[in-house]
Amino acid sequence: CFDFKLCSLRLKMNCANSRPFTVLVEGNIGSGKTTFLEHFRQFEDITLLTEPVEEWRNLKGWNLLDLMYSDPAKWAMTFQAYVSLTMLEMHRRPTSTPVKLMERSIFSAKYCFVEQMKRLGTLHPAQFAVLDEWFKFINTEIPVEADLIVYLKTTPSIVYDRIKKRARSEEQCVPLSYIEELHKLHEDWLINRTHADCPAPVLVLDADLDLSQITEEYKKSEHQILRKAV
Ligand code: DGT
């Protein structure tokens with residue numbers, strides 16, 4: 001298909017430019033992004049960059065994730081500013097391998113989470129405007145490369161149950177409606193393409209499957225992520 005040919009072309013160009021083939025792993029909260037990255041640990045020549053949640057939970061002793069969920073109107077801006085910084089650092093981190101797999105991106109932070117906070121009113125329009133200007137500056141002035149997006153598509157009620165089961169303390173107050181809205185924002189960005197800017201072709205996987213079946217689903221992405229595509 002067209003997307004696959006585009007990926008192969010990008011991979012060949014990357015080899016010539018010696019920058020890694022960069023894959024962004026996206027999906028709702030609890031869609032299994034970390035498990036997906038872990039699946040690729042068995043392969044050589046891949047750098048796995050998991051999301052810096054632990055940094056968000058402990059910045060000089062402050063749990064910004066908890067502050068954001070406990071009092072979003074007060075802390076959303078601070079949290080989002082730090083998310084942007086840590087994400088940008090991951091995008092720019094040099095890697096010595098030909099493939100780089102990254103959990104989330106500055107794009108999902110902007111198109112899903114910041115958009116959600118704007119709609120909910122937890123970000124004041126002026127705060128949104130500042131984050132928007134930062135995003136535009138980064139997007140035009142700092143190279144943020146992406147060659148493929150893997151979208152772990154899920155049903156909101158299924159990930160909601162997973163979130164309840166894993167019981168991350170900060171997320172206990174997250175209602176199903178929040179997950180449903182976040183799902184729509186991922187769909188708008190990656191499937192309906194409502195933003196002009198989707199940085200790479202999108203491969204959609206069924207991430208509703210349970211752990212006993214998910215490995216087969218993940219395998220469908222191997223040929224596009226590993227160098228078999230060259
Ligand atoms: P996984 O492996 O798919 O279960 O991934 P999660 O759920 O551990 O990771 P993720 O990125 O979906 O979410 C981690 C937590 O951080 C979750 O409570 C949502 C929150 N989060 C992640 N990125 C952002 C962001 O840009 N803004 C806001 N407000 N929250 C974010």
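Atoms within each ligand, like the ligands themselves, are counted from 1 in listed order. The figures here come from the full heavy-atom set of this structure, side chains too, leaving out hydrogens, waters and symmetry mates. All of these numbers come straight from a predicted model, not from anything done at the bench.
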Begin with the C-alpha distance, continue with both residues' side-chain angles, and end with the deciding distance and a verdict on salt bridge (charged side-chain N to carboxylate O under 4.0 Å, His left out) for Glu145 and Lys100. CA-CA 10 Å; Glu145 275 113 14; Lys100 171 175 169 177; over 6 Å; no

Taking all non-hydrogen atoms of both residues, which atom of Glu26 and which atom of Ile149 are closest, and how far apart? CG-CG2, 3.8 Å

Nearest neighbour of atom 14 (C) of ligand 1 from the list Arg168, Glu38, Gln80, on a heavy-atom basis: Arg168

As an exercise, identify every atom of ligand 1 less than 4.0 angstrom from a heavy atom of Val83. 26 (O)

Just so I know, are the side chains of Pro20 and Thr47 near enough to count as touching, which here means a heavy-atom distance under 4.5 Å? no

Ala109: numbered ligand 1 atoms lying under 4.0 Å from its heavy atoms: 26 (O)

Distance-only polar pair, side chains of Asn192 and Thr194, donor-acceptor under 3.5 Å: no

For ligand 1 and Gly30, I'd like to know whether there is a polar contact (N/O to N/O, distance under 3.5 Å). yes

Considering Glu171, Gln116, Lys110, Arg166 one by one, which has a heavy atom nearer to atom 7 (O) of ligand 1 than any of the others? Arg166

Of all residues at least two apart in sequence or in a different chain, which pass the side chain to side chain donor-acceptor pair (under 3.5 Å) check with Arg93? Glu89

Heavy-atom contact check, 4.0 Å cutoff: does Arg162 meet ligand 1? no

Taking distance alone, with N or O pairs closer than 3.5 Å, would you say Gly32 contacts ligand 1? yes

For Met68, take its heavy atoms, then give the atoms of ligand 1 lying under 4.0 Å from any of them. 29 (N), 30 (N)

Scan Glu217, Glu222, Glu216 and name whichever one has a salt bridge (Lys or Arg N to Asp or Glu O under 4.0 Å) with Lys219. Glu216

Numbered atoms of ligand 1 (with element) below 4.0 Å of Thr34, judged on heavy atoms: 2 (O)

Does even one non-hydrogen atom of Phe36 get within less than 4.0 Å of ligand 1? no

Which of the numbered atoms in ligand 1 are under 4.0 angstrom from any heavy atom belonging to Tyr69? 17 (C), 18 (O), 19 (C), 20 (C)

What residues, two or more places apart in sequence or in another chain, satisfy side chain to side chain donor-acceptor pair (under 3.5 Å) together with Trp56? Thr86

Atoms of ligand 1 close to Ser31 [distance to a heavy atom under 4.0 angstrom, numbered from 1]: 3 (O), 4 (O)

For atom 29 (N) of ligand 1, which candidate among Met117, Lys33, Glu170 provides the closest heavy atom? Met117

Whether the side chain of Arg104 engages the backbone of Gly27 through a donor-acceptor N/O pair (distance < 3.5 Å, no angle test) should be reported. yes

Run the salt-bridge test on Lys184 and Asp188 with the 4.0 Å N-O cut-off and return the result as yes or no. no

Ile158 and Val150: same hydrophobic cluster, using ILVMFWY side-chain contacts below 4.5 Å? no

Looking at atom 10 (P) of ligand 1, what's its closest protein heavy atom, distance included? Glu51 OE1, 3.3 Å

Counting only nitrogen or oxygen atoms and a 3.5 angstrom limit, does Trp56 reach ligand 1? no

Which residue supplies the protein heavy atom nearest to atom 25 (C) of ligand 1, what is that atom called, and how far is it? Phe113 CG, 3.2 Å

Using heavy atoms and a threshold below 4.0 Å, how should the contact between Val174 and ligand 1 be classified: side chain, backbone, both, or neither? neither

Heavy-atom distance under 4.5 Å between the side chains of Lys153 and Glu187, does that happen here? yes

